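Note that the structure is a prediction, hence the values are computed from the model and not measured.
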Protein chains: 2
Amino acid sequence: MENNENLKFESLYLKNQICFPTYAVANKILRRYQPLLRELDLTYTQYITMMVMWEKRKVNEKDLVEALYLKANTLTELLKKLKKKGYIDIEKDKEDKRNIVIVLTDKGLALREKAVNIPSCIYQDHWLSDEEFIVFKGLLDKMLKGNW
Amino acid sequence: MENNENLKFESLYLKNQICFPTYAVANKILRRYQPLLRELDLTYTQYITMMVMWEKRKVNEKDLVEALYLKANTLTELLKKLKKKGYIDIEKDKEDKRNIVIVLTDKGLALREKAVNIPSCIYQDHWLSDEEFIVFKGLLDKMLKGNW
DNA sequence: GTTAAATATGTCGCATACGATATAATGTAG
DNA sequence: CTACATTATATCGTATGCGACATATTTAAC
């Protein structure tokens, strides 16, 4: 009876989950970034938003939503904060007045010089081997693109 | 010059990140659970907490912190809510009065019957093949156990 | 044995993240 | 060309998740 019960509920054991360790590793990653990012006065979500800005220089909110796999309402508040810090400007799009245009400022661009050291700090502790990182990233990208 | 700049800041491109897709997949997973868990009146974090309770029946806060890779202050509020819903009871430990003892209630145990279908719903869309899931979970578990 | 360190938990403030819903602007069907 | 659908963004309320800090016990040092 006890064995039957174990069998029936096996799928609910924490150790058998895929989603839970994904969630836990993501939390662990965020905790790891925090002290490094504090020196740039950025949170993690602000940091990945700036990554897009450093690369594209000029986007609208929809571009960010797609690049970051977030929802627009999550970004609205965050963009106001980045604007307040002077890293971006927010303008109305003349062409399509529904859009906003987010533009990297000089101060925002300058921040990249301080940010450039972060990736090597983050990855230096060898959580995984180089080969494992490649496999891991391949699986993640597949999951992100997947339609589920 | 433009090429040099690309090279210098390559490590800051979103597409070269490992942490970002981990974070994005975790968000995607949480969004996927939400509608299913709403029927149980549980959030995702409450759900994984209940997983521990279904298995252990009786734990203290520290056990949960270790099992879920969260911080104690995150759990304090959450436990109050689970208590309010009647799924757990919270008592003082007589042996060591610093501890609290969290006990699964009958109502909490009964909830497991409704939860047992969730895992198959979640995993049915084949985000990855069975083999890929095994590899993925192996890497996640390694990262969780790693000391970084 | 008294004091200091360690442990377990709680409080507070901040920054997400989301669904539901609202609003404004644009596209489109007939 | 007008009503309706669609699109892009914003507002609101709820639930985390954390660091910093505070509190209450217990343990350990000497």
The single option from A/T22, A/L30, A/I29 passing side chain to side chain contact (heavy atoms under 4.5 Å, CB included) against B/Y23:
A/L30

Could you go step by step and tell me if A/F136 and B/L140 meet the side chain to side chain contact (heavy atoms under 4.5 Å, CB included) rule?
CA-CA 9 Å; A/F136 187 59; B/L140 287 168; 3.8 Å; yes

Rounded distance in Å - CZ (A/R32) to P (D/dG17)
21 Å

For the pair A/K8 and B/E113, find out whether any cationic side-chain nitrogen is under 4.0 Å from an anionic carboxylate oxygen.
yes

Nearest-nucleotide wise, let me know which of A/K28 and A/V101 is further upstream toward the 5' end of DNA chain D.
A/V101

Grab the CG-P distance between B/D93 and D/dT25 for me, whole Å please.
13 Å

Rounded to whole Å, please give me the gap between CD1 in B/I90 and P in C/dA8.
17 Å

How many Å lie between NZ on A/K97 and P on C/dT23, as a whole number?
19 Å

Distance test, side-chain N/O of A/R38 to OP1/OP2 of D/dA20, below 4.0 Å
yes

For A/N60 and C/dT26, give me the distance from atom CG to atom C1', rounded to whole Å.
15 Å

Would you indicate which nucleotide in D/dG19, C/dT26, D/dT25 comes nearest to any side-chain atom of B/R98?
D/dT25

Length of the CG-C1' vector between B/L37 and D/dT16, whole Å:
14 Å

Rounded to whole Å, CG of A/L64 lies from P of D/dT7 at a distance of 19 Å

For B/K80, report the nucleic acid contact type (base, sugar-phosphate, nothing); a contact means any heavy atom under 4.0 Å.
sugar-phosphate

Is the phosphate of D/dA10 approached by A/K62 (side-chain N or O, under 4.0 Å from OP1 or OP2)?
no

For atom CD1 of B/I102 and atom C1' of C/dG10, their distance in whole Å
13 Å

Go along nucleotides 12-17 of chain C 5' to 3' and tag each nucleotide: B for a protein heavy atom under 4.0 Å from its base, S when only backbone or sugar atoms are that close, - otherwise.
---SSB

Quick check: does any side chain N or O of A/K142 sit under 3.5 Å from a backbone N or O of B/W127, one acting as donor and the other as acceptor?
no

Pairwise distance OH(A/Y123) to CH2(B/W148) - rounded to 0.5 angstrom:
10.0 Å

A/D41: which of A/K107, A/K85, A/K114, A/K81 passes salt bridge (charged side-chain N to carboxylate O under 4.0 Å, His left out)
A/K85

Position toward the 5' end of DNA chain C (nearest nucleotide), B/Q34 or B/D96:
B/D96

Under 4.0 Å between a Lys/Arg side-chain N and an Asp/Glu carboxylate O for B/D93 and B/K97?
no

